[in-house]
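On a predicted model such as this, the values are computed, not experimentally measured, just so you know.
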2 protein chains.
Amino acid sequence: MLSQTVEYALRAATYLATVPKQSRTVDQIAEVTHVPVAYLSKVLQQLVREEIVISRRGTGGGFMLARPPEKLRILEIVQAVDPIERITTCPLGLAAHGKRLCPLHRRLDNALAEMERAFAASTLAEILAEPTKSVPLCNFPAAATCR
Amino acid sequence: MLSQTVEYALRAATYLATVPKQSRTVDQIAEVTHVPVAYLSKVLQQLVREEIVISRRGTGGGFMLARPPEKLRILEIVQAVDPIERITTCPLGLAAHGKRLCPLHRRLDNALAEMERAFAASTLAEILAEPTKSVPLCNFPAAATCR
DNA sequence: GCATAACCGGATATTGACATCCGATTGAGG
DNA sequence: CCTCAATCGGATGTCAATATCCGGTTATGC
């Protein structure tokens with residue numbers, strides 16, 4: 001339902017949100033988030049292209065959030081790596097039918113709209129601020145006891 | 001986001017709901033729903049196993065809804081062919097962490113729960129009864145003008 | 001300006017979803 | 001009981017998502 005890529009991107013972004021304005025290397029991010037390092041590298045590159053994240057090469061380089069966590073919604077990260085495709089025209093491909101969806105597809109699209117709404121509802125900052133015994137990603141340095 | 005298989009299954013079920021208690025062959029269903037016939041056959045077999053649909057072989061056979069359309073929810077069809085996998089444990093695989101989800105995964109699971117709720121909200125009968133100019137699937141016999 | 005650190009981008013597996021094909025099986029009707 | 005209609009089940013093909021590898025490029029610090 002949710003792709004692995006989305007899951008990975010969200011883990012990485014959430015981790016970077018715990019260290020705002022600081023950069024981390026792919027290897028560091030991969031270790032904390034438990035994401036295959038080579039693939040994570042690709043995912044981060046997508047986030048760079050969508051200007052969610054900024055990259056710097058060379059010594060001391062790495063990846064860093066492009067904006068403060070208060071300004072980054074889950075939805076943006078989802079859309080960056082695996083966009084939710086709303087149903088805008090009849091999937092049976094009848095041009096004459098135009099933009100009107102039949103009741104079945106209207107409901108499917110409504111469900112997708114609910115997803116969007118849910119993902120748009122919170123920022124990375126809100127996720128980190130939430131009072132809980134479960135530290136985000138379960139395994140951040142701050143939650144070593146969680147291991 | 002929603003798999004092709006779900007889309008196909010819903011089209012087929014919606015069509016069968018327009019002719020309750022009657023059976024239709026794979027070829028008939030495929031033509032109306034614009035689904036590849038060979039693959040549709042597999043999808044229908046899944047629906048048979050999940051007791052959404054009943055099959056009969058031989059002359060005059062085919063597929064028929066196992067229940068009246070009032071008793072069949074979209075969610076059941078979704079779960080039959082491509083179940084929504086709720087997040088019940090931390091995806092980072094830390095056994096010690098138990099059942100508690102971190103704020104990130106709690107939100108993701110909440111979004112999935114919203115989907116379930118949306119899909120559970122309507123029956124096939126409701127879809128067909130809805131007053132609209134767009135006949136379900138856009139291209140049913142009853143809506144030949146839609147072609 | 002050289003060595004080193006780190007990302008970038010292209011080529012290449014691997015895997016599962018989607019799709020097809022066909023022989024085997026079952027049921028209806030004469 | 002024979003033929004035809006139709007589903008069933010297994011084998012196989014195709015393609016996009018996932019994942020890996022490595023040489024090229026850029027930046028830092030000495």
Side-chain angles (χ1 to χ4, degrees), chain A residues 1-13 15-16 19 22-66 78-85 91, chain B residues 1-13 15-16 19 22-66 78-85 91:
Chain A
M1 201 73 207
L2 298 173
S3 71
Q4 274 299 93
T5 306
V6 163
E7 167 77 25
Y8 293 164
L10 287 171
R11 283 190 210 170
Y15 171 52
L16 288 178
V19 290
Q22 296 176 40
S23 81
R24 290 290 184 273
T25 67
V26 177
D27 293 87
Q28 291 173 323
I29 302 171
E31 183 173 18
V32 173
T33 59
H34 291 192
V35 174
V37 61
Y39 191 66
L40 178 61
S41 164
K42 300 295 188 191
V43 175
L44 285 167
Q45 281 175 44
Q46 291 182 69
L47 292 180
V48 168
R49 275 182 232 116
E50 301 295 325
E51 300 182 314
I52 306 286
V53 150
I54 289 171
S55 66
R56 277 174 57 87
R57 302 204 211 191
T59 309
F63 297 90
M64 180 173 69
L65 284 191
V78 173
Q79 299 294 45
V81 297
D82 188 10
I84 294 176
E85 309 229 17
Chain B
M1 200 73 204
L2 297 174
S3 72
Q4 274 299 93
T5 307
V6 163
E7 167 76 26
Y8 293 163
L10 286 171
R11 285 190 207 169
Y15 171 51
L16 288 177
V19 290
Q22 295 175 38
S23 82
R24 291 290 184 271
T25 67
V26 177
D27 293 86
Q28 291 173 324
I29 301 171
E31 184 173 19
V32 174
T33 58
H34 291 190
V35 175
V37 60
Y39 191 66
L40 178 61
S41 164
K42 298 296 187 192
V43 175
L44 285 167
Q45 280 175 44
Q46 291 183 68
L47 293 180
V48 168
R49 273 182 233 112
E50 300 295 326
E51 299 181 318
I52 307 284
V53 150
I54 290 171
S55 67
R56 278 172 55 89
R57 299 206 211 189
T59 310
F63 296 90
M64 182 172 69
L65 284 190
V78 172
Q79 299 293 45
V81 297
D82 189 10
I84 295 176
E85 308 229 16

inquiry  = Distance check, rounded to the nearest 0.5 Å: A:Gln45 atom CD versus A:Glu50 atom CD?
reply    = 13.0 Å

request  = Return the value, rounded to whole Å, for the distance between atom OH of B:Tyr39 and atom P of D:dT14.
outcome  = 17 Å

inquiry  = With rounding to the nearest 0.5 angstrom, report the CZ to CE distance, B:Arg24 to B:Met64.
reply    = 11.5 Å

query = Is the shortest side-chain N/O distance from A:Thr5 to OP1 or OP2 of D:dT18 below 4.0 Å?
reply = yes

note = Footprint ends on DNA chain C, 5' to 3', for atoms under 4.0 angstrom from a heavy atom of chain B, come out as C:dC18 to C:dA28

query = Hey, does the side chain of B:Gln79 reach the backbone of B:Ile84 with a donor-acceptor pair shorter than 3.5 angstrom?
reply = yes

remark   = Value for CG (B:Leu65) from CG (B:Leu16), rounded to nearest 0.5 Å, stands at 5.0 Å

task = Kindly compute the distance separating CG (A:Leu47) from CD1 (A:Ile54), expressed to the nearest 0.5 Å.
result = 12.0 Å

task = Could you tell me the separation between the CD1 atom of B:Ile52 and the CZ atom of B:Phe63, rounded to the nearest 0.5 Å?
result = 13.5 Å

task = Pull out every residue in residues 55-62 of chain B that has a heavy atom closer than 4.0 Å to any atom of DNA chain C, ordered by number, or say none.
result = B:Arg56, B:Arg57, B:Gly58, B:Thr59

message = Whether the side chain of B:Gln28 engages the backbone of B:Thr25 through a donor-acceptor N/O pair (distance < 3.5 Å, no angle test) should be reported.
response = yes

query = Contact class for A:Ser41 (heavy atom, under 4.0 Å): base, sugar-phosphate, or nothing?
reply = nothing

request  = Round to the nearest Å and state the distance from A:Gln4 atom CD to D:dT20 atom C1'.
outcome  = 16 Å

message = Quick check on DNA chain D: between A:Leu2 and B:Gln45, whose nearest nucleotide comes earlier from the 5' end?
response = B:Gln45

key: Nearest-Å distance for atom pair CG/P, residues A:Asp82 and D:dA19   = 13 Å

remark   = In whole angstroms, the gap separating P of D:dT7 from CE of B:Met64 amounts to 13 Å

inquiry  = Using a heavy-atom cut-off of 4.0 Å across all strands, would you classify B:Val26 as base, sugar-phosphate, or nothing?
reply    = sugar-phosphate

task = Measure the CG-CD distance between B:Asp82 and B:Gln46 for me, rounded to the nearest 0.5 Å.
result = 8.5 Å

note = In whole angstroms, the gap separating P of D:dA6 from CD1 of B:Ile29 amounts to 12 Å

request  = Establish, from distance only, whether the side-chain atoms of A:Tyr8 and A:Ser3 form a donor-acceptor pair under 3.5 Å.
outcome  = no

